[in-house]
There are 2 protein chains.
Amino acid sequence: MAKVDTSLVAHLPLFAGVGPEALDEILREARSARYPKNTAIFEQGADAQSFFLLLHGHVRAAKTTPTGEQIVVRYVAPGETFGLAMAIGAAHYPATAMAVDDSVVLIWPISAWPRLIERFPAIAANTLQAVGTRLQESHTRILEMSTQQVEQRVAHALLRLAKQSGKKLDRGIEIDFPISRQDIAQMTGTTLHTVSRILSGWESQGLVESGRQRIILRDPHGIVVLAERTPDSGAA
Amino acid sequence: MAKVDTSLVAHLPLFAGVGPEALDEILREARSARYPKNTAIFEQGADAQSFFLLLHGHVRAAKTTPTGEQIVVRYVAPGETFGLAMAIGAAHYPATAMAVDDSVVLIWPISAWPRLIERFPAIAANTLQAVGTRLQESHTRILEMSTQQVEQRVAHALLRLAKQSGKKLDRGIEIDFPISRQDIAQMTGTTLHTVSRILSGWESQGLVESGRQRIILRDPHGIVVLAERTPDSGAA
DNA sequence: TGCCCGTTTTGCGCTATCGCAAACTAAAGG
DNA sequence: CCTTTAGTTTGCGATAGCGCAAAACGGGCA
């Protein structure tokens, strides 16, 4: 059982208010695992047997309809938890988690959860905070889908990704994991075709530089402007 | 300070795992208030000073964009908490809460929250569960907005309302609070015009009976069928 | 090096839904 | 009982974005 270095995770919001020796105890219940790029960590509908903390890499959580359509629920960045089905009393995972990059995760058995939150109530409070934040983001997303056009939604989505997982380059900000037009479509409620058209347009305006599963925001401010444009504030 | 009857709220999920004397202590920190129909309980953006438990009535939580468009985040039914901004570390309410019926609520000052969850960790766990459930519902809503057409989304929305706040009648199930076409539009990401057209259609098929801020599902099963119809499973 | 396959691009017609406008209806209040 | 006002219905033209199809592209792998 590989031992996890306490100091690596001590600063995470999840463990705020938890003492060092307690942290050690918590980590002792976890195991770590590596998932290569494009491997599933758990499938939607499977028994929820574990919950996870992402250490390295990036994970896409996606939800599929009975008819096969998919949406991307979120991208998990290092330091974030995912697969918290048990915390909300669900017996099955409501989405599929897939490593989009080589990823390393900590894994706790769900059986550890009740004990954990009893001994360390701060964990419950911190998790509540994290889930609450995600709920808010979710509402923002619904608001956008209800009131904005596709181009603005794509702009907002890219800006959020850049904020969460952007790598600063001299030429701009690069989304730091492989992401396809299809993925972006599934985050914004549109089709890959429309996303492709939008990015092509932006590219010719010098707003972005993009290629196969790769996007660089060359003019983040210009994209902010786009994102905030109301349906009728005239374009060029 | 009107005293709240412990037995009235003891069964609520929020208080699961909390002993009777503890419950008494918790309730002692709350005050109750009555909000007449169509009065605001708090406004989006206001300092979050309290959190709430709805005892009677119905409350609409709605989010407004800078440009004035609105969406309905949810309808709160009796027994549910709302205004939990503080639990997620937000200083301001992210939405406006309005009583859509004469309503009675319990109100705690946010200052009570840290103490509450420290003394009664079950409260944090129960709240986490509630917020988690709402997050899931939120994702379902996003999935629907991304993959379904308006008619199906309206069908799903009405079925959920009927489940949450439906009153059984001989002629069907009535949504037990005043709700306008506009409200439904703001729940499903469409316009009141489109909702009106859809309901008119359903009415002539005998699926619903509706009027001014009033909707009765006369054939819930028929609506389920509609809700599950894929975009191209042929209509009549 | 060359092939194969997943991704991206682009054209084009179609339609679900919006947006505006106007008439209609019914509850509420004086 | 009448007036006011908020909610609802309906028609019609406009269009954003979809869906389908096909071609171009580019990496990875044998």
Side-chain angles (χ1 to χ4, degrees), chain A residues 36-38 60 67-71 98 100 102 144-155 175 177-186 188-204 208-216 226 229-235, chain B residues 36-38 60 67-72 98 100-102 144-155 175 177-186 188-204 208-216 226 229-235:
Chain A
K37 183 172 173 172
N38 290 327
R60 181 184 58 219
T67 59
E69 289 115 325
Q70 257 196 0
I71 62 158
M98 155 109 45
V100 295
D102 290 3
E144 286 178 7
M145 291 192 61
S146 298
T147 61
Q148 305 183 332
Q149 342 215 133
V150 172
E151 186 171 20
Q152 295 168 62
R153 302 205 303 263
V154 171
I175 312 284
F177 54 83
I179 184 168
S180 69
R181 308 287 184 265
Q182 174 80 278
D183 293 324
I184 295 170
Q186 292 176 347
T188 53
T190 180
T191 63
L192 78 164
H193 307 274
T194 299
V195 172
S196 179
R197 280 180 246 270
I198 289 171
L199 288 184
S200 295
W202 289 357
E203 186 128 29
S204 66
V208 302
E209 173 189 332
S210 77
R212 197 189 180 73
Q213 306 205 94
R214 191 180 54 85
I215 300 178
I216 299 171
L226 265 186
R229 181 140 75 205
T230 77
D232 52 273
S233 70
Chain B
K37 184 172 173 172
N38 290 327
R60 181 183 58 219
T67 59
E69 290 116 323
Q70 259 197 357
I71 62 157
V72 171
M98 155 109 45
V100 295
D101 249 353
D102 290 4
E144 285 177 8
M145 291 192 60
S146 298
T147 61
Q148 306 183 331
Q149 345 214 137
V150 172
E151 186 172 20
Q152 297 167 62
R153 302 205 300 265
V154 171
I175 311 285
F177 53 84
I179 185 168
S180 70
R181 308 287 185 263
Q182 174 81 276
D183 293 323
I184 294 169
Q186 291 176 347
T188 52
T190 181
T191 63
L192 78 163
H193 307 274
T194 299
V195 172
S196 180
R197 281 179 246 270
I198 288 171
L199 288 184
S200 295
W202 289 357
E203 185 128 30
S204 66
V208 302
E209 172 188 331
S210 78
R212 197 190 181 74
Q213 306 204 97
R214 190 180 55 84
I215 300 179
I216 299 171
L226 265 187
R229 180 141 75 205
T230 78
D232 52 274
S233 68

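When reading the values below, keep in mind they use all heavy atoms of this one structure, side chains included, and skip hydrogens, waters and symmetry mates. Just so we're on the same page: letters track the sequence lines, and every chain starts at 1.
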Bend angle of the helix from C/dT1-D/dA30 to C/dG30-D/dC1, end axes from five pairs each (to 10°) | 50°

Smallest separation among heavy atoms of A/Ile215 and A/Ile184, with atom names = CD1-CD1, 3.2 Å

Mapping B/Arg212 and B/Glu151 onto DNA chain C by nearest heavy atom, which one lands closer to the 5' end?
-> B/Glu151

Measure across B/Gly189 and B/Met145 and return the closest heavy-atom pair with its distance rounded to 0.1 Å.
-> CA-CE, 4.1 Å

Base, backbone or nothing for each nucleotide of nucleotides 9-15 of chain D, written B, S, -, heavy atoms under 4.0 angstrom, 5' to 3'?
-> BBBB---

Every protein N/O within reach of nucleotides 28-30 of chain C N/O, cut-off under 3.5 Å:
none

Compare side-chain N and O positions of A/Gln149 against OP1 and OP2 of D/dG17 and report whether any pair is under 4.0 Å apart.
-> yes

Can you find a heavy atom in the side chain of A/Glu151 that is under 4.5 Å from one in the side chain of A/Leu226?
-> yes

NE2/A/His193 to CZ/A/Arg181 distance, rounded to the nearest 0.5 angstrom?
-> 13.0 Å

Interatomic spacing from OG1 in A/Thr188 to CD in A/Gln149 - rounded to 0.5 Å | 13.0 Å

Rounded to the nearest 0.5 angstrom, the CD-CZ distance for A/Gln148 and A/Arg153 is 8.0 Å

Examine D/dA6: is either OP1 or OP2 under 4.0 Å from a nitrogen or oxygen in the side chain of B/Gln213? Give yes or no.
-> no

Touch class at under 4.0 angstrom, heavy-atom based, for B/Gly189 against every strand present = sugar-phosphate

Euclidean distance, B/Gln152 CD relative to B/Glu144 CD, rounded to 0.5 Å | 9.0 Å

Does any donor atom in the side chain of B/Ser146 or A/Gln186 lie under 3.5 Å from an acceptor atom in the other side chain?
-> no

Test side chain to side chain contact (heavy atoms under 4.5 Å, CB included) applied to B/Val150 and B/Val195, B/Thr194, B/Thr191, the passing residue = B/Thr194

Supply the atom-to-atom distance A/Asp183 CG to A/Gln213 CD, rounded to the nearest 0.5 angstrom.
-> 7.0 Å

Give a yes-or-no answer on whether the side chains of B/Gln182 and B/Ser180 include a donor-acceptor pair shorter than 3.5 Å.
-> no

Is the shortest side-chain N/O distance from B/Thr190 to OP1 or OP2 of C/dC18 below 4.0 Å?
-> yes

